[in-house]
A.B. asks: 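Before I ask anything, let me first share the structure, which is written out below as C-alpha cells.
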Amino acid sequence: MSKVKEFKMFINNEWVNSSSGEIIEVKNPATGQVIATVPKGNLEDVDKAMKAAAKAKETFKLSPITERIELCQRIADELEKEKEEIAKWMTWEQGKPYSTESLPEVEESILNFRNAAEDIKHIDGNIIYSNDPNKKIFSVYEPCGTYAAITPWNFPLVIPVEYVGPGLVAGNTMVLKPASYTPISVILMTECIERAGVPKGIFNVVTGSGDVVGEGLVTHPDTDAIGFTGENITGKKISSVAGLRRMLLEMGGDGPQIVCDDANVVEAAKEACYGAYMNAGQVCCATERVLCHESIKDEFVEEVLKITSDIKLGDPMDATVTMGPLNNEPTAQKVDRHIKDALEKGAKVLCGGKRASGFPTDLYYEPTVLDDVVPGMIIHDEETFGPVIPITTFKTDDEAIEIANSIKFGLQMAVFTSSLKKANYYSRRLRTGNLGINASTCYWEAHQPFGGCPGTDSGYGRLGGKYTIYDMMYIKTFTVDFEKCK
C-alpha cells in the first residue's frame with residue numbers, strides 16, 4: 001500500500017474526527033509502514049458517544065425483537081459482501097495470514113451475527129410457582145441498557161462481534177473501543193452496520209487509548225454494563241474502577257496441553273503446534289505450556305520439531321506463508337524476556353528462540369521449542385503470547401494436575417489420552433473454564449460458551465452463542481395478583 005487512508009469514528013450515526021483533532025497512526029507489522037490513521041478519541045468524544053447510546057436505549061429496548069433479528073441478519077449480509085476487503089485490512093493491520101486466518105475470522109464473524117439472530121429466539125423466561133394461588137410469578141430477560149465494550153488486537157473482528165451481535169439483538173445500545181493497534185477491522189464492520197440500517201445512537205465506535213477512552217467508558221455515569229477481552233492486569237483495573245456495573249470479562253490464559261503416557265503422540269504434537277503457532281501464538285487460549293509424560297517425551301519432541309520445521313514465516317499476504325509477524329513491539333519484547341529468563345534458569349532451546357532476521361521488521365519471531373521448562377520460570381508461570389512451545393515433564397497424572405493448577409489462570413486446557421477413565425479423572429480436577437479432550441487448547445466453535453474458571457485470573461461470564469446473550473441481559477421478575485385484576 002502506498003497511500004495512507006484516513007478513517008473516522010462513528011458517533012450517533014455520524015462519521016467524525018476526534019474533538020481534539022489528534023490521530024493515531026496504524027502500522028502494518030509485516031512491513032513497518034503506516035497504512036492508515038484513525039482519530040485519537042478523548043473524554044469529550046466518549047461523553048458524546050455514551051450520551052447518544054443512553055438517549056437511544058429506552059426506545060431500542062422496547063423495539064420488536066424481530067426488528068433486532070433482521071438487523072443482525074442484514075449486518076451479516078453486508079459483511080458477506082465485503083469479507084475479502086475486510087480480511088485484507090485485517091492482515092495489513094494485525095499481521096495474521098490472509099487466506100488461513102484473516103478470511104476465516106471474517107467468516108466466523110458473519111456466522112456470529114447469524115447465530116445471534118437465531119439464539120435470541122430461544123432466550124426463555126419462566127413461570128415460577130407462588131405460595132398464593134391467586135398469584136403468578138414470571139421471570140423474563142431484559143437488556144442491560146448501555147453497554148461499553150473494549151476489545152483486543154489479536155482478533156480484531158471476531159472478538160468485537162462476539163459482543164456486538166449478542167448485545168444488539170438483546171436490545172442493548174453500545175459503545176465499542178477497538179484496540180489502537182488494530183482499529184480498522186471494526187471501522188469496516190461499522191460501515192456494514194451503518195448500511196444495514198442501524199437506528200441512530202444504537203451503535204457507536206470511539207477509537208483511542210485505553211487509559212483515556214477505555215477508562216472513560218468504564219467510569220462514565222451512563223454506562224450500565226461492561227464487556228472486556230484482554231490482559232488480566234487491565235481486567236482487574238476495570239473491575240476495580242467500574243463499581244457495581246454488570247461486567248463480562250474474558251482475560252488471559254496459560255492453560256497447558258497435557259500429554260499422557262497413553263496419548264496418540266502424533267496427534268498431540270500436531271495440536272500442540274497448532275495451538276502454539278496459530279496467530280503467531282497471540283491467542284488467549286494458545287498452547288502456552290505442554291506437560292508431557294516422561295515415557296513419551298522424546299517421541300513427542302521429535303514430532304513437534306518435525307512440524308515446527310515446516311512452519312513458513314513471512315509476508316502474511318503470501319498464500320504459502322503459515323505464520324506472520326507478531327503484532328507489536330511490546331509483545332515481542334515480552335517473548336524476548338520470557339525466553340531469556342527460561343534459559344537463565346536452565347531451559348534448553350531445541351529450535352528458534354529469537355527474532356527472525358532478514359525480514360522488513362523486527363516483529364517476525366522464529367517458531368520456538370523449549371525443553372526442561374519448570375515452574376518458577378516466567379514462561380511457565382505467565383502468559384507469553386508468542387510462538388513458543390515450552391515443554392515440562394511429569395511422572396504421574398496427579399503431578400500433571402498439580403502443575404496445571406499451580407498457575408492463577410483457568411481459561412482453557414487440553415488433555416491427550418486414549419483412556420476415557422483418565423479423561424474423566426482429569427476433567428473433574430483441572431480448574432479451567434474450558435477443557436479439550438484430544439483437542440487443542442486453541443479449539444473453539446462460535447456457539448460454545450467460552451470463559452474463565454472462578455478463583456482464577458481468567459475472568460467471568462461467557463462469550464459464545466446464547467450464553468453471551470444471557471450475560472448481556474438481566475432477569476426481571478414480575479408478580480401478578482390475578483384476583484385484583486379485571
Side-chain angles (χ1 to χ4, degrees), residues 152-154 229-237 250-259 272-273 275-292 297 301 304 308 323 325-356 362-394 399-414 430-432 441-442 452-453 455-459:
W153 49 261
N154 57 333
T229 297
E231 287 187 301
N232 69 319
I233 293 173
T234 306
K236 288 178 179 179
K237 182 178 179 181
E250 195 274 283
M251 300 186 289
D254 195 21
Q257 173 176 311
I258 301 170
V259 186
C273 290
Y277 302 142
M278 175 191 177
N279 201 17
Q282 299 164 124
V283 187
C284 58
C285 57
T287 308
E288 291 277 348
R289 297 181 285 159
V290 172
L291 311 183
C292 188
K297 194 196 80 167
V301 167
V304 165
T308 301
M323 194 171 83
L326 296 172
N327 176 261
N328 55 77
E329 181 60 25
T331 296
Q333 289 180 7
K334 180 165 71 167
V335 179
D336 288 339
R337 187 171 65 254
H338 284 201
I339 291 175
K340 181 174 183 291
D341 174 81
L343 297 183
E344 289 174 348
K345 293 176 179 176
K348 298 175 184 175
V349 174
L350 300 184
C351 70
K354 63 184 185 302
R355 303 195 196 201
D362 289 333
L363 296 176
Y364 292 85
Y365 221 98
E366 295 178 351
T368 298
V369 181
L370 298 181
D371 199 4
D372 297 337
V373 173
V374 296
M377 296 178 181
I378 299 175
I379 206 161
H380 177 277
D381 296 352
E382 297 181 11
E383 184 181 47
T384 301
F385 233 55
V388 186
I389 301 179
I391 300 173
T392 301
T393 305
F394 69 89
E399 181 187 6
I401 291 166
E402 182 181 355
I403 295 171
N405 289 338
S406 67
I407 306 306
K408 199 68 171 169
F409 290 98
L411 187 57
Q412 184 144 306
M413 300 182 185
L430 291 172
R431 292 198 300 272
T432 181
T441 62
C442 237
C453 173
T456 70
D457 288 347
S458 290

A.B. asks: Walk me through whether Asn154 and Asn279 qualify under side-chain contact (heavy atoms from CB on, under 4.5 Å).
C.D. replies: CA-CA 8 Å; Asn154 57 333; Asn279 201 17; 3.8 Å; yes
A.B. asks: Dump the intermediate steps for side-chain contact (heavy atoms from CB on, under 4.5 Å) on Leu326 and Tyr364, then the final yes or no.
C.D. replies: CA-CA 6 Å; Leu326 296 172; Tyr364 292 85; over 6 Å; no
A.B. asks: With no hydrogens and no angle check, is any side-chain donor or acceptor of Asn232 less than 3.5 Å from a backbone partner on Gly252?
C.D. replies: no
A.B. asks: So does Arg355 pair up with Glu329, basic N to acidic O under 4.0 Å?
C.D. replies: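 Salt bridge flag = yes for Glu329 with Arg355.
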A.B. asks: For Lys334, does the NZ atom have more than 12 heavy-atom neighbours from other residues, nucleotides or ligands under 6.0 Å away?
C.D. replies: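 Buried by this count: over 12 neighbours within 6.0 Å.
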A.B. asks: State, yes or no, whether a side-chain contact exists between Thr229 and Met251 at a heavy-atom distance under 4.5 Å.
C.D. replies: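 Contact flag for Thr229/Met251 side chains = no.
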A.B. asks: Does the side chain of Ile403 reach to within under 4.5 Å of the side chain of His380, using non-hydrogen atoms?
C.D. replies: yes
A.B. asks: For a 4.5 angstrom cut-off between non-hydrogen side-chain atoms, does Met323 reach Pro367?
C.D. replies: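 A side-chain contact under 4.5 Å exists here.
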A.B. asks: Over all heavy atoms of both residues, which pair between Pro256 and Leu291 is shortest? Give the atoms and the distance, please.
C.D. replies: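 The pair with the smallest heavy-atom distance is CB-CG, 3.8 Å.
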A.B. asks: Output the distance between atom CD (Glu231) and atom SG (Cys284), rounded to the nearest 0.5 Å.
C.D. replies: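 Answer rounded to 0.5 Å: 12.0 Å.
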A.B. asks: Rounded to the nearest 0.5 Å, what separates atom OG in Ser406 from atom CG in Asp254?
C.D. replies: 8.5 Å
A.B. asks: Report the C-alpha distance between Thr456 and Phe409 in whole Å, list the side-chain angles of each, state the deciding distance to 0.1 Å, and finish with yes or no for side-chain contact (heavy atoms from CB on, under 4.5 Å).
C.D. replies: CA-CA 5 Å; Thr456 70; Phe409 290 98; 5.7 Å; no
A.B. asks: Run the salt-bridge test on Lys348 and Asp371 with the 4.0 Å N-O cut-off and return the result as yes or no.
C.D. replies: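 Salt bridge: no.
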A.B. asks: One thing to verify: whether Asp457 and Lys236 come together as a salt bridge, which I'm taking to mean a side-chain N less than 4.0 angstrom from a carboxylate O.
C.D. replies: yes
A.B. asks: Under a 3.5 Å threshold, yes or no: a donor from one side chain and an acceptor from the other, between Thr308 and Tyr277?
C.D. replies: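 Distance-only check passes for Thr308 and Tyr277.
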A.B. asks: Check whether Arg289 reaches the backbone of Ile379 with its side chain - one donor and one acceptor, N or O, closer than 3.5 Å.
C.D. replies: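 Such a contact is absent between Arg289 side chain and Ile379 backbone.
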A.B. asks: Side-chain contact, heavy-atom cut-off 4.5 Å: Gln282 with Asn327?
C.D. replies: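 They are in contact (side-chain heavy atoms under 4.5 Å apart), so the answer is yes.
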A.B. asks: Minimum heavy-atom separation for Ala332 to Leu363, with atom names?
C.D. replies: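 That would be CB-CD2, 4.1 Å.
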A.B. asks: Taking all atoms of both residues into account, what is the closest heavy-atom pair of Gln412 and Thr441, and its distance?
C.D. replies: NE2-O, 2.6 Å
A.B. asks: What is the minimum heavy-atom distance between Cys442 and Val283, and which atoms define it?
C.D. replies: SG-CG1, 3.6 Å
A.B. asks: Specify the closest pair of heavy atoms between Thr432 and Cys453, including all atoms of both residues, with the distance to one decimal.
C.D. replies: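 Nearest heavy atoms, Thr432 then Cys453: C-CB, 3.6 Å.
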A.B. asks: Considering only heavy atoms from C-beta outward, does the side chain of Val374 approach that of Lys345 to under 4.5 Å?
C.D. replies: no
A.B. asks: Under 4.5 Å between any side-chain heavy atoms of Leu370 and Thr368, yes or no?
C.D. replies: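 The answer is yes, as the side chains (C-beta and beyond) meet within the 4.5 Å cut-off.
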A.B. asks: Where is the tightest heavy-atom contact between Val373 and Pro390, given as atom of each residue plus distance?
C.D. replies: CG2-CB, 3.8 Å
A.B. asks: What's the spacing between Asp372 CG and Thr393 OG1 if we round to 0.5 Å?
C.D. replies: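 Taking CG in Asp372 and OG1 in Thr393, the distance rounds to 6.5 Å.
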A.B. asks: Output a table of donor-acceptor pairs, distance under 3.5 Å, between side-chain atoms of residues 382-389 and any protein atom two or more places apart or on a different chain; print 'none' if there are none.
C.D. replies:
residue: Glu383; atom: OE2; partner: Gly253; partner atom: N; Å: 3.1
residue: Thr384; atom: OG1; partner: His338; partner atom: ND1; Å: 2.9

A.B. asks: Using a 4.5 Å cut-off on heavy atoms from C-beta on, say whether the side chain of Val301 contacts that of Lys297.
C.D. replies: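 Yes, their side chains come closer than 4.5 Å.
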A.B. asks: I need the Ile339 CD1 to Ile378 CD1 distance, nearest 0.5 Å.
C.D. replies: 12.0 Å
A.B. asks: Are the charged groups of Asp341 and Arg337 less than 4.0 angstrom apart, N to O?
C.D. replies: no
A.B. asks: Go through the steps for Cys351 and Glu366 under the test side-chain contact (heavy atoms from CB on, under 4.5 Å), then give the verdict.
C.D. replies: CA-CA 8 Å; Cys351 70; Glu366 295 178 351; over 6 Å; no
